[in-house]
Amino acid sequence: FMKQSNGATVPYPTLVFLGLFAVGATLQARAMRGGEMGTVYVVVLGLEAVAAVVLSAAVLHEPYTPSRLAAMLVIVAGIAWLRYA
């Protein structure tokens with residue numbers, strides 16, 4: 001919805017992405033109650049990055065290149081390493 005909002009100039013997509021942003025920030029704040037801020041923050045950002053790549057391919061039909069797949073694997077490995085270190 002952020003991309004569809006065209007720089008926050010289209011009302012409906014702008015409202016949806018702002019609403020989803022608020023929900024995500026609330027969930028992240030709740031997750032931080034039970035963990036270290038640095039770890040939780042990086043894990044959430046990494047998962048958001050992976051979700052953005054997957055959704056960009058599924059919804060916006062952006063291509064999956066080998067480089068993009070490799071980058072996602074590095075992110076997932078980093079999240080797992082940080083989470084379980």
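Quick note: residue numbers are just sequence positions, from 1.
Taking 4.5 Å as the limit, some side-chain heavy atom of Tyr64 sits within range of a side-chain heavy atom of Met72.
Leu45 and Leu47 are not part of a single hydrophobic cluster, where members link through side-chain heavy atoms under 4.5 Å apart. Both Val54 and Val76 are part of a single hydrophobic cluster, where members link through side-chain heavy atoms under 4.5 Å apart. Cluster annotation: Leu18 is connected to Leu20 through the hydrophobic network of ILVMFWY side chains, with a link wherever side-chain heavy atoms come within less than 4.5 Å. Two different hydrophobic clusters hold Trp81 and Val42 under the rule that ILVMFWY side chains link at heavy-atom gaps under 4.5 Å. By the rule that hydrophobic residues join a cluster once side-chain heavy atoms approach within less than 4.5 Å of another member, Val43 and Met37 end up as members of separate clusters.
To the nearest 0.5 Å, atom OG1 of residue Thr14 and atom CZ of residue Phe1 are 11.0 Å apart. To the nearest 0.5 Å, atoms CZ (Phe21) and CE (Met2) are separated by 7.5 Å. Interatomic distance, NZ of Lys3 versus CG of Leu55, reported as 13.0 Å (0.5 Å rounding).
Looking at Arg68, its side chain never comes within 3.5 Å of a backbone N or O of Val53 through a donor-acceptor pair.
For the residue pair Ile75 and Gly46, the shortest heavy atom distance occurs at CG2-O, 3.7 Å.
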